[in-house]
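Working notes, beginning with the structure itself.
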Amino acid sequence: MLLHDLKIGNKLLLINLIVACVSMTMLVVCIAVIAFHSNRTNLIHDLNAEAHILSENLTASLAFNDTKSAQALLQALRWSPHIKQVIILDSEGEIFSKYPPGAKQNLNEIDTLSSYLSAVSVQQPIKIGTQQVGQIQINASLNHIYSQLKQFLLFITFAMLIAGGLGAFMIRRLQTYLTKPIIELTKSMRLVSNTDNYGLRFNLESKDELGELATGFNTMLSTIQSHEAELDSELTLRMQAENRLQQLAYYDEVTKLPNRHHFNERMAKVVASSIQNNALCCIMVIDLDDFKIVNDTLGHHIGDDLLFAVGKRLGHDLRVEDILCRIGGDEFALILDNLTSIEQAQHVAEKIIQLMALPFILQDREVFIGASIGISFCPNDATNIPVLLRNADTAMYNAKRLGKNYFQMYLPEMEAKNIRRFALESALHRALDHKELFLHYQPQINIKTNQVTGFEALVRWDNPELGLISPVDFIPLAEDIGLIIPIGEFVLYQACLQSQQWRERYQVDTEISVNLSGRQLIQSNIVERIISIVNSTQLPFNLVTIELTESILMDHTKETLDKLEKLSASGFTISIDDFGTGYSSMSYLKRYPIDTLKIDRSFVSDLPDDTNDVAITQAIIALGKNLGMKLVAEGVETEAQLAFLKMHDCDTAQGFLYSRPIPASEAEHYLIALSDAKNNAAEKTTLA
Ligand code: C2E
Ligand code: MG
Ligand code: MG
């Protein structure tokens with residue numbers, strides 16, 4: 001057991017010492033026994049020889065009973081120190097002589113081991129011829145043999161000690177070569193198992209078995225290390241794949257927000273706890289306004305960047321328990337749990353609208369996007385998720401209808417409006433084929449001369465079932481469902497055709513303004529389409545004004561610039577409609593070939609009383625004039641407004657003061673008047 005716990009070096013040392021000691025001891029004992037025995041035998045031989053010599057010399061002494069001569073003869077034995085006693089017996093068995101003189105007879109000594117080990121005794125008859133005359137007994141001690149053995153043992157012990165020391169030294173040396181590397185190897189193995197560092201290597205430059213062991217150990221570590229690395233990379237890949245799956249299953253790729261699936265799960269929990277605790281929660285559907293334009297004009301890449309930025313901005317100020325998700329293309333949903341009041345949700349919606357009003361900087365350009373929000377409350381509006389979502393959607397569509405960038409809370413009455421939207425949508429698909437669309441023309445009057453300079457063509461829709469529908473209602477719908485493209489082309493063709501017919505009929509040139517939707521402008525062949533349509537009516541291009549809203553020009557792309565430059569170069573007039581209501585950045589005014597600014601009706605309506613509107617209108621006029629543009633004031637309804645515009649040098653006015661948008665037949669009165677005025681002027685010149 002003790003051996004078990006010892007280190008290998010000590011174990012080796014101890015085993016070697018034990019083996020050496022036992023074997024040497026056995027060897028020494030054997031040698032001692034053999035030496036003792038042979039010395040004793042030799043002594044017996046010597047004693048027998050001495051007894052023989054003595055018996056030869058004593059025959060005469062015995063024959064003549066001369067004890068003195070016998071005694072003298074025995075005295076010579078003092079030179080043999082190992083002889084302890086010599087007794088001479090006569091033929092009667094009586095002591096004849098002895099040495100030393102005081103010695104006692106001890107003839108019948110028992111032959112025991114102790115007597116064997118302590119002394120030697122030889123007896124020999126003394127004969128004259130064949131007759132025995134006496135007997136001689138010599139007893140010798142073994143002390144000299146023992147002292148010899150003692151010396152021998154001392155020598156052997158000394159030799160053994162030297163051999164033992166030498167052996168221990170050799171074992172130590174052997175340890176250095178054998179056990180030390182093994183110990184080091186053991187340490188390294190322990191280090192590896194404790195630290196899991198398979199990059200460790202054991203350095204042993206030896207070509208023997210230990211060297212092979214070290215190489216084997218290192219190879220094993222390299223193999224484990226490479227397996228470990230493979231395992232690690234496999235694990236990393238697996239974890240990445242799992243994360244990715246998790247991400248894909250629950251998160252939206254573009255915005256990194258929870259997706260619809262995640263949204264449904266979270267919503268279910270929120271609604272359940274709201275019902276259980278009778279707490280107020282709400283779902284907000286946030287839909288980006290005109291996101292399609294951004295996507296189509298700036299590309300999907302920027303569209304994706306914008307969605308990401310919107311997600312980030314929306315999530316910025318939320319509480320931890322609020323859940324923001326992307327549930328569709330440009331649709332986000334916000335779940336607000338544990339609301340204290342309806343106003344709290346309203347406040348969040350207002351904040352979102354404000355946040356969205358700030359521009360997004362994407363790839364060094366400013367992008368503007370609004371959002372329309374619909375809110376539905378649980379349990380007030382519904383306690384069932386699909387219904388809550390539908391209600392929020394209905395409210396959101398209502399917000400869009402009310403002019404976008406707006407929020408609405410769900411009201412049951414909205415359902416009816418929603419139904420109307422679907423009815424409008426299906427009816428609009430048939431409107432062109434059923435010839436339900438037609439144009440009205442609103443005259444534009446030169447403020448100084450009071451003469452008509454042109455007309456704005458405004459589309460009208462008269463549906464047998466739905467009645468007369470305002471473009472404010474169906475144009476956004478047509479834009480949403482893509483019908484604006486055929487409708488826009490129809491308007492352009494009809495307006496130009498009408499204008500050309502008026503030209504031919506009344507011999508007067510008036511301008512015709514046509515509204516062009518963003519969805520139309522993003523078509524790659526829009527310039528060719530416009531040219532081809534206008535060409536087909538034979539109306540000169542310089543009599544056609546293309547009205548664009550500011551939002552269309554927000555993208556600053558090269559394509560938009562190219563298109564406008566081509567149109568301008570072809571002779572078309574480019575006009576900015578509803579100027580001042582769109583975007584804060586005015587840099588596009590310098591960039592694009594713009595000829596006319598149409599001051600929005602909202603600035604004109606409170607002229608000349610509202611000081612803000614006065615300032616804005618003056619500023620717009622000054623800006624337009626400075627940039628060499630023509631100015632048209634929209635929505636002029638009163639003489640006071642007209643007087644203000646005249647005073648501030650605005651060129652043209654369009655509004656109910658002169659005329660509402662009217663059918664072509666009524667618009668002809670203006671042309672007749674213009675033609676008459678022209679003829680009168682011509683006559684005057686001829687007369688003069
Ligand atoms: P818009 O291009 O700014 O057209 C002017 C709108 O202001 C017209 O409304 C017109 O009736 C109205 N308006 C003109 N003078 C006055 C006034 O003195 N007072 C008031 N209160 N309103 C006045 P309308 O015809 O309802 O058209 C609304 C909008 O629908 C247009 O605004 C235009 O953005 C769009 N739209 C109309 N026709 C077309 C079309 O053919 N294509 C496209 N893309 N959009 C069109
Ligand atoms: Mg217009
Ligand atoms: Mg306008």
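Position 1 is the first residue of the sequence; numbering continues from there. Numbering of ligands and ligand atoms starts at 1, following listing order.
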I'd like to check which ligand 1 atoms, numbered from 1 as shown, lie under 4.0 Å from a non-hydrogen atom of [X].
{"X": "Gly655", "answer": "15 (N), 18 (O)"}
{"X": "Glu637", "answer": "17 (C), 18 (O), 19 (N), 20 (C), 21 (N)"}
{"X": "Val636", "answer": "18 (O)"}

>> Counting C-beta onward and ignoring hydrogens, is there a side-chain heavy-atom pair between Thr596 and Ile574 closer than 4.5 Å?
In response: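 Of all side-chain heavy-atom pairs linking Ile574 with Thr596, none is under 4.5 Å.
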>> Less than 4.5 Å apart, side chain to side chain, heavy atoms only: is that true for Phe572 and Asp595?
In response: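 SC-SC contact between Phe572 and Asp595 ruled out.
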> Tell me the side chain to side chain donor-acceptor pair (under 3.5 Å) pairs involving residues 642-656, sequence neighbours left out?
Replying inline: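 For residues 642-656: Gln442-Gln654, Gln444-Gln654, Lys448-Asp649, Glu456-Gln654, Lys598-Gln654, Gln618-His648, Lys625-Asp651.
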Protein contact to [atom] [nearest heavy atom, distance to 0.1 Å]:
{"atom": "atom 26 (O) of ligand 1", "result": "Pro471 CG, 3.5 Å"}
{"atom": "atom 1 (P) of ligand 1", "result": "Asp577 OD2, 3.6 Å"}
{"atom": "atom 38 (N) of ligand 1", "result": "Val459 N, 3.2 Å"}
{"atom": "atom 15 (N) of ligand 1", "result": "Gln442 NE2, 2.9 Å"}
{"atom": "atom 8 (C) of ligand 1", "result": "Leu458 CD1, 3.8 Å"}
{"atom": "atom 18 (O) of ligand 1", "result": "Phe656 N, 2.8 Å"}
{"atom": "atom 5 (C) of ligand 1", "result": "Glu634 OE2, 3.9 Å"}

Can you give me the closest heavy-atom contact between [X] and [Y], atom names plus distance?
{"X": "Pro412", "Y": "Tyr410", "result": "CA-OH, 3.6 Å"}
{"X": "Ala633", "Y": "Leu645", "result": "CB-CD1, 3.4 Å"}
{"X": "Gly311", "Y": "Leu324", "result": "O-CD2, 3.5 Å"}
{"X": "Ala333", "Y": "Phe263", "result": "CB-CE1, 3.6 Å"}
{"X": "Ile531", "Y": "Phe541", "result": "CG2-CZ, 3.7 Å"}
{"X": "Ala345", "Y": "Cys282", "result": "CB-SG, 4.0 Å"}

[X] contact mode with ligand 1 (heavy-atom cut-off under 4.0 Å):
{"X": "Gln641", "answer": "neither"}
{"X": "Ile487", "answer": "neither"}
{"X": "Val491", "answer": "side chain"}
{"X": "Arg601", "answer": "side chain"}

>> Please check: side-chain N/O of Gln520 versus main-chain N/O of Ile526, any donor-acceptor pairing under 3.5 Å?
In response: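 Flag not set: sc Gln520 to bb Ile526 has no pair under 3.5 Å.
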> Between Leu424 and Leu466, is a side-chain contact (heavy atoms from CB on, under 4.5 Å) present by the stated rule, with each step listed?
Replying inline: CA-CA 8 Å; Leu424 271 185; Leu466 302 165; 3.8 Å; yes
> Given the side-chain rings of Trp502 and Phe455, with only the six-membered ring counted for Trp, is the space between their centroids under 6.0 Å?
Replying inline: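 Here the rings of Phe455 and Trp502 have centres that are less than 6.0 Å from each other.
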> Counting only protein atoms, how many N/O/S atoms are less than 2.8 Å away from the Mg ion (ligand 3)?
Replying inline: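 With waters ignored, the protein N/O/S count below 2.8 Å is 4.
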>> Among the N/O/S atoms of Glu456, which is closest to the Mg ion (ligand 2)? Give the atom name.
In response: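 Answer by atom name: OE2.
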So is [X] close enough to ligand 1, meaning a heavy atom under 4.0 angstrom away?
{"X": "Arg460", "answer": "yes"}
{"X": "His440", "answer": "no"}
{"X": "Pro661", "answer": "yes"}

>> Could you work out, for atom 33 (C) of ligand 1, the closest of Asp473, Leu516, Asn515, Thr549 by heavy-atom distance?
In response: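 The residue whose heavy atom sits nearest atom 33 (C) of ligand 1 is Asn515.
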Side chains of [X] and [Y]: do they bring a donor and an acceptor to under 3.5 Å?
{"X": "Gln451", "Y": "Asn446", "value": "no"}
{"X": "Ser372", "Y": "Asp287", "value": "no"}
{"X": "Gln498", "Y": "Gln494", "value": "no"}
{"X": "Ser532", "Y": "Asn535", "value": "no"}

> Does atom 29 (C) of ligand 1 have any protein heavy atom closer than 4.0 Å?
Replying inline: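 For atom 29 (C) of ligand 1 the answer is no, since every protein heavy atom stays at 4.0 Å or beyond.
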